[in-house]
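For reference, positions follow the sequence shown, starting with 1.
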Amino acid sequence: MPEVIGPLAQYADRDCLSAIATPELTTDVAMIVLTSLITRMEVMADGPYRVQHDQSKNLATYHELLQRFINHDDTVEFRATEITTLSFPLKLTDVEQVDSKKSPAVQLADVMVGAAIEAGNNLAGLRTGGLNPEQMLALYADDQFIHMLPSTDFEEQRRFRQGNQGGELIDYLAANLMGSKR
């Protein structure tokens, strides 16, 4: 927690505070989460796939950008981590927001995600009772979990991300999907 709150509370870093106060700047990490999710789904998918998601303000915010990702037909690949790449054109063909009350598939996904979150909270000691985390998590294969848990094993993280092309990906996205070439 000191690494997260420290720059604001303890050190009152002027650059950090100034950036947060800038109306044009967002601290929304949804794009990072979406890109991580897409890179993992792309590795797991054997062929074209589509995503149905419960209605979400965040997803609605990124719908146009996601469509640009889906419609981008240049052939290019960027290494993200030891287990993921982001390759265009994507295998992802469509992202649709649906009313979960009308979609049994989205309802089932919500139940499964809720159970996994409860098991994770129990495993981390944040909650007690409820589902047995070991039994619940044993129902999933390791590669079915996409998580963004922080790790302080910096050597492992350095190895896992060695050779990544994050900078090149950012430059490419800026020039081809977020810039004037849209």
Side-chain angles (χ1 to χ4, degrees), residues 1 4-5 20 23-73 77-78 80-81 83-151 160-161 166 169-170 172-174 176-178 182:
M1 199 53 115
V4 175
I5 303 297
I20 290 171
E24 299 82 34
L25 182 89
T26 179
T27 56
D28 182 1
V29 297
M31 185 60 202
I32 295 166
V33 173
L34 283 172
T35 305
S36 297
L37 181 61
I38 289 170
T39 59
R40 193 67 191 126
M41 289 188 304
E42 289 287 308
V43 169
M44 294 174 71
D46 291 331
Y49 67 98
R50 56 191 283 270
V51 172
Q52 279 192 332
H53 192 283
D54 197 4
Q55 293 171 340
S56 156
K57 182 180 174 186
N58 270 349
L59 194 56
T61 301
Y62 290 95
H63 184 77
E64 182 185 332
L65 181 58
L66 284 169
Q67 282 307 127
R68 282 188 252 152
F69 271 56
I70 290 167
N71 296 334
H72 190 67
D73 59 3
E77 179 175 290
F78 298 93
T81 68
I83 62 172
T84 57
T85 59
L86 182 58
S87 301
F88 289 99
L90 295 177
K91 293 181 244 176
L92 177 61
T93 60
D94 185 40
V95 176
E96 178 185 8
Q97 291 196 63
V98 298
D99 182 350
S100 63
K101 295 174 190 160
K102 297 177 182 176
S103 172
V106 174
Q107 288 177 19
L108 180 59
D110 283 347
V111 169
M112 293 172 67
V113 168
I117 289 170
E118 180 179 329
N121 284 334
N122 285 342
L123 194 60
L126 301 173
R127 184 174 289 144
T128 58
L131 297 172
N132 178 312
E134 284 81 19
Q135 289 177 341
M136 180 25 221
L137 297 176
L139 299 172
Y140 294 90
D142 286 342
D143 67 355
Q144 289 178 305
F145 283 102
I146 301 171
H147 60 80
M148 301 201 50
L149 296 175
S151 171
F160 183 69
R161 297 174 195 298
L169 174 60
I170 290 168
Y172 183 83
L173 294 176
N176 294 281
L177 290 158
M178 298 173 183
R182 296 184 220 183

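Listed by chain and number, the residues in a ring pair (Phe, Tyr, Trp, His ring centres under 6.0 Å) with Tyr140 are Phe145 (sequence neighbours excluded). Applying the ring pair (Phe, Tyr, Trp, His ring centres under 6.0 Å) test to Phe69 and every residue at least two apart in sequence or in another chain returns Phe88.
A salt bridge links Arg50 with Glu96: the distance from a Lys NZ or Arg NE/NH1/NH2 to an Asp or Glu carboxylate oxygen falls below 4.0 Å.
Judged by distance alone, the side chains of Thr81 and Thr84 do bring a donor and an acceptor atom under 3.5 Å apart.
Considering only heavy atoms from C-beta on, Val95 comes within 4.5 Å of Ile70 through its side chain. A 4.5 Å side-chain heavy-atom check between Asp110 and Asp54 finds at least one atom pair inside the cut-off. Counting heavy atoms from C-beta outward, Met41 and Val51 have side chains that approach closer than 4.5 Å.
For residues 41-60, no residue pair satisfies the ring-ring contact (aromatic ring centres under 6.0 Å, His included) rule, not counting sequence neighbours.
Gln52 contributes no side-chain N or O that, together with a main-chain N or O of Val98, makes up a donor-acceptor pair within less than 3.5 Å. Using a distance-only test at 3.5 Å, with no hydrogens or angles considered, no donor-acceptor pair links the side chain of Arg127 to the main chain of Asn121.
Between His72 and Tyr172, the ring planes are perpendicular. Angles over 60° get that label, and only those under 30° would be called parallel.
Distance CD1/Ile117 to CG/Leu131: 12.0 Å, rounded to 0.5 Å.
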